[in-house]
Amino acid sequence: MKLSSPSGRGLKIVSNTVLVIIGLCFLLPLLWLLVASFDGTANLTLKLPAPFTIDNFTSVLTPSLAFGPLWNSVVISFGCAIITIVIAVLAAYPLSRYRMRINKPFMYGILFGTCLPITAMMVPVYNLFVSLNLLDSIWGTVLFMAATSLPMAIWMMKNFMDSVPITLEEAAWTDGSSMMSTLTRIVVPLMRPGLAVVFIFVFVQAWGNFFIPFVLLLSPNNMPASVSIYQFFGQYGAVAYGKLAAFSLIYSVPVLALYVVTSRFLGGGSALAGAVKG
C-alpha cells in the first residue's frame, strides 16, 4: 500500500488513524473527569464508579469551595474581557483606517509584546502593586490582566476591522456623522463575530490564568477558581481525586456555556452580507 497512490486510500487510512489516536488522547482525560466525579474511591485509574455517589459534588458545592471562587473568576474574566475589548477597538481603529509610517513598527511592537514572558514581569509588577496599594485588589488584578491581553487583542481586532469596507464610513461621513459615531454605529456592529472571537479568547485566557491571581491576590475570599482548585492537592502527595474531578467539571461549565451562547446568537452568517452593492 502506497501513500501516494492515485486513489489516496493509504493516505486516508494513515491520517484517520492518527486523528483517532489524537482524539483518544483528548477523550480519555475528559472521560476520567466524568467518571471520577461520581466515584467515592476515585484515583488515577479510569474505572467504573464503585460506589456510585454524588457526594463529591455536594461536598464541593459550598460557598467557600465553589460559589465564591467561581464568582471571583466571573468578575475577573468578564472585567478583563470587557476592558480589553473597549481599548482594543479604540486602538485598532486608527491602525486600520489611517496609513501612517508608524503603523508597521507599532504593529511589530505589539507583536513583540505578546512574546514577553509574564514571569519576567511579575517582580516589578508586584513592587508596583505594593507601591500603589493595589495588592490583593480584584480590580487591580483585572486591570493588569487586561493590559497583558491587549497586545494580541489589538492585533486580532485590527485584522477584523480591516474587513469592514471603509466606503460605509465614507457614506456616513457625507451625511455628517462624526468619526466616533461611525465607529460605534457602523464599524462595531458589522464586526460582531470578530468581537466575539476576541472576547472569548481573552475570557478563556483570564478564566484559566493561575499565576497572576496567585501572586497578586492574597486573601482566600478574593481567590478565583483557577487558584482555589489547588486546595484539592493535599500534603505529601495526597489528592482528593473525586472532589478535584467534580470541581473541574463545574469549573468548565461557564466556558462551555459561553461558547454555546456565542455560537447560537452569532450563527454562521456574516454581518457584512449585503452591506455593499457593486
> CG/Leu134 to CG/Leu128 distance, rounded to the nearest 0.5 angstrom?
Replying inline: 7.5 Å
> Is a side-chain N or O of Ser15 found less than 3.5 angstrom from the main chain of Lys12, in a donor-acceptor match?
Replying inline: yes
>> Using the rule that Ile, Leu, Val, Met, Phe, Trp and Tyr join whenever any side-chain heavy atoms are under 4.5 Å apart, tell me whether Val130 and Ile212 fall into a single cluster.
In response: yes
> CG of Leu218 to OG of Ser137: how many Å apart, nearest 0.5 Å?
Replying inline: 11.0 Å
> For Tyr93, what residues pass the side chain to side chain donor-acceptor pair (under 3.5 Å) criterion, not counting sequence neighbours?
Replying inline: Glu169
> So among Thr45, Leu46, Leu27, which one has a side-chain contact (heavy atoms from CB on, under 4.5 Å) with Trp32?
Replying inline: Leu46
> Do Ile118 and Leu143 belong to the same hydrophobic cluster, where Ile, Leu, Val, Met, Phe, Trp and Tyr are linked whenever their side-chain heavy atoms lie under 4.5 Å apart, directly or via other members?
Replying inline: yes
> Taking Ser228 for the side chain and Met223 for the main chain, is one N or O donor matched with an acceptor at less than 3.5 Å?
Replying inline: no
> Parallel, tilted or perpendicular: which fits the ring planes of Phe52 and Phe38, with parallel below 30° and perpendicular above 60°?
Replying inline: parallel
> What heavy-atom pair brings Thr84 and Ala153 nearest, and what distance separates the two atoms?
Replying inline: CG2-CB, 3.5 Å
> Does some side-chain heavy atom of Leu249 sit less than 4.5 Å from a side-chain heavy atom of Val253?
Replying inline: no
>> Which residue is it: Asn56, Thr41, Leu44? I am looking for the one with a side-chain contact (heavy atoms from CB on, under 4.5 Å) to Tyr241.
In response: Leu44
>> Less than 4.5 Å apart, side chain to side chain, heavy atoms only: is that true for Thr182 and Leu168?
In response: no
> Nearest heavy-atom pair of Val142 and Ile76: which atoms, and what distance?
Replying inline: CG2-CA, 3.7 Å
>> Side-chain heavy atoms nearer than 4.5 Å, only ILVMFWY residues, links allowed to pass through others: does that put Leu135 and Leu132 together?
In response: yes
> Is any side-chain heavy atom of Leu90 less than 4.5 Å from a side-chain heavy atom of Met157?
Replying inline: no
>> Minimum heavy-atom separation for Leu48 and Asp39, please, with both atom names.
In response: O-OD2, 4.2 Å
> More than 12 foreign heavy atoms under 6.0 Å from CZ of Phe57: is that the case here?
Replying inline: yes
> Hey, mind stepping through Met161 and Val89 against side chain to side chain contact (heavy atoms under 4.5 Å, CB included) and telling me if it holds?
Replying inline: CA-CA 9 Å; Met161 199 170 289; Val89 168; 4.3 Å; yes
> With the 4.5 Å side-chain cut-off for hydrophobic clustering, are Ile21 and Leu31 part of the same group?
Replying inline: no
>> List the residues meeting side chain to side chain donor-acceptor pair (under 3.5 Å) with Lys158, not counting sequence neighbours, and say none if there are none.
In response: Asp162
> Taking atom CG of Leu30 and atom OG of Ser248, what is their separation to the nearest 0.5 Å?
Replying inline: 10.5 Å
> Does any pair with a residue in residues 60-90 pass ring-ring contact (aromatic ring centres under 6.0 Å, His included), and if so which ones, sequence neighbours excluded?
Replying inline: Phe78-Phe199, Phe78-Phe203
> Can you list the steps and then say if Met122 with Phe214 is a side chain to side chain contact (heavy atoms under 4.5 Å, CB included)?
Replying inline: CA-CA 11 Å; Met122 286 312 298; Phe214 180 75; over 6 Å; no
>> For a side chain to side chain contact (heavy atoms under 4.5 Å, CB included) check, start with the C-alpha distance between Arg97 and Val164, then their side-chain angles and the critical distance, and finish with the verdict.
In response: CA-CA 10 Å; Arg97 292 301 186 250; Val164 179; 3.6 Å; yes
> More than 12 non-hydrogen atoms from neighbouring residues, nucleotides or ligands closer than 6.0 Å to CD1 on Ile54, yes or no?
Replying inline: no
> Can you check side chain to side chain contact (heavy atoms under 4.5 Å, CB included) on Leu70 and Val74, steps first, answer last?
Replying inline: CA-CA 6 Å; Leu70 286 174; Val74 170; 5.5 Å; no
> Hey, any chance Phe210 and Leu65 share a hydrophobic cluster, counting ILVMFWY side chains that come within less than 4.5 Å of each other, even indirectly?
Replying inline: no
> Which heavy-atom pair separates Leu195 from Ile85 by the least distance, and what is that distance?
Replying inline: O-CD1, 3.7 Å
> Under 3.5 Å, side chain of Asn222 to main-chain N/O of Asp136, donor-acceptor pair present?
Replying inline: yes
> Nearest 0.5 Å, what's the CD1-CD1 distance between Ile82 and Ile87?
Replying inline: 12.0 Å
> If every non-hydrogen atom of Ala120 is compared with every non-hydrogen atom of Pro124, which pair is closest and at what distance?
Replying inline: O-CD, 4.1 Å
> For the side chain of Ser226 and the backbone of Asn209, is there at least one donor-acceptor N/O pair under 3.5 Å apart?
Replying inline: yes
>> To the nearest 0.5 Å, what is the distance between OG1 on Thr262 and CD1 on Ile200?
In response: 4.0 Å
> Which pair of non-hydrogen atoms, one from Leu217 and one from Pro224, has the smallest distance, and what is that distance?
Replying inline: CD1-CD, 3.9 Å
> Between atom CD1 of Ile166 and atom CD1 of Ile186, what is the distance when rounded to the nearest 0.5 Å?
Replying inline: 11.5 Å
>> For Asn16, I'd like to know if atom CG has over 12 heavy atoms of other residues, nucleotides or ligands within 6.0 Å.
In response: yes
